Amino acid sequence: MNSTQTPRTALTVGFDLDMTLIDSRPGIHACYTALSERTGTFVDADLAVTRLGPPLETELAFWFPEERVAEVAGLYRSMYPQYAITPTTAMAGAREAVDAVRAAGGRAVVVTAKYEPNAELHLAHLGIEADAVIGGLWAEAKAEALREQGATVYVGDHVGDVLGARRARAFSVAVATGPCPAEELRAAGADVVLADLGEFPSWLAGHLPEPAPEAA
């Protein structure tokens, strides 16, 4: 274990961001619409927000030639704070889920494919406090950050999140609030599928080991 890695002795729960903790669809829609106007290239924002999860470059490749994707991604990320932060809301149960981790004496960390500075802006705007925020990671690549943070549970809405949890050997909690239906999440290997984060506190209470009885 390297010196930056958190031991897996205490509870650490990782959370995905888009469509897990936050409903970023209105903000991302607004940013894609503004990007279309800025670049003169049509991006179907209605379609784009139905498939959130993978890296930004994956979506941009549907609309821009390969040689322009990196440039346009940089432009999008620079525009994002202006257009996407304010319209975004917290998912139902998001704050309560993070609070449940803290109430159990644990740490709540965010591991997301989103550009890290923009992820931090979302959390600050919505008043969701994370013990760590790690951005720019997708699917199995999330496992490295989960291991470094000592996460034993990872919560996400996409099959990519399930893959990341399994690679990290963390318990995969899927929420059916994003683009992937419950049956797809189960087929990908999720250990449990919840309807939304409103079910997370009671699930967590049942998942944690019973406290040892006090000595007489």
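The structure presented is a predicted model; accordingly, all values stated were derived computationally and were not measured.
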- Can you run down the ring-ring contact (aromatic ring centres under 6.0 Å, His included) pairs that involve residues 97-127, sequence neighbours left out, and say none if there aren't any?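 Qualifying pairs: Y80-H122.
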Working to the nearest 0.5 Å, report the span between [atom1] of [X] and [atom2] of [Y].
X    : Y    : atom1 : atom2 : answer
T89  : M91  : OG1   : CE    : 7.5 Å
L194 : S202 : CG    : OG    : 8.0 Å
H29  : L52  : NE2   : CG    : 11.0 Å

- Count the heavy atoms belonging to other residues, nucleotides or ligands that lie under 6.0 Å from CD of E66, then report whether that count exceeds 12. no
- Message: With a sphere of 6.0 Å drawn around CD of E129, does it hold more than 12 non-hydrogen atoms of other residues, nucleotides or ligands?
- Response: no
- Passes side-chain contact (heavy atoms from CB on, under 4.5 Å), V13 versus R107? Steps please. CA-CA 6 Å; V13 177; R107 299 170 65 247; over 6 Å; no
- Task: Treating Ile, Leu, Val, Met, Phe, Trp and Tyr as nodes and any side-chain heavy-atom pair under 4.5 angstrom as an edge, say whether L56 and W63 lie in one connected cluster.
- Result: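 Cluster IDs for L56 and W63 match.
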- Task: State, yes or no, whether a side-chain contact exists between P179 and H158 at a heavy-atom distance under 4.5 Å.
- Result: yes
- Is a side-chain donor-acceptor pair under 3.5 Å present for D157 with T20? yes
- Given the rule in the salt bridge (Lys or Arg N to Asp or Glu O under 4.0 Å) test, do K142 and D16 qualify, once you have shown the distances and angles that lead to the verdict? CA-CA 10 Å; K142 292 186 174 188; D16 176 51; 3.1 Å; yes
Sequence neighbours excluded and cut-off under 3.5 Å, please list the side-chain donor-acceptor pairs for residues 69-78, or say none.
residue	atom	partner	partner atom	Å
E71	OE1	R68	NE	3.4
E71	OE2	R68	NH2	3.3
R77	NH1	E57	OE2	3.1
R77	NH2	E57	OE1	3.3
R77	NH2	E57	OE2	3.0
S78	OG	L75	O	2.6

- Message: Restricting to non-hydrogen atoms, name the atom on A104 and the atom on L11 that form the minimum distance, rounded to 0.1 Å.
- Response: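 So the minimum-distance heavy-atom pair works out to CB-CD2, 3.9 Å.
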- Do the charged groups of R102 and D131 touch, with an N to O distance under 4.0 Å?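 Counted as a salt bridge, because a side-chain N and a carboxylate O are separated by less than 4.0 Å.
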- So is R167 actually on top of Y154's ring, under 6.0 Å and inside 45° of the axis?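 The answer is no; the distance or angle limit is not met.
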- Message: Classify the ring geometry of W203 against H207: parallel below 30°, tilted from 30° to 60°, perpendicular beyond 60°.
- Response: parallel
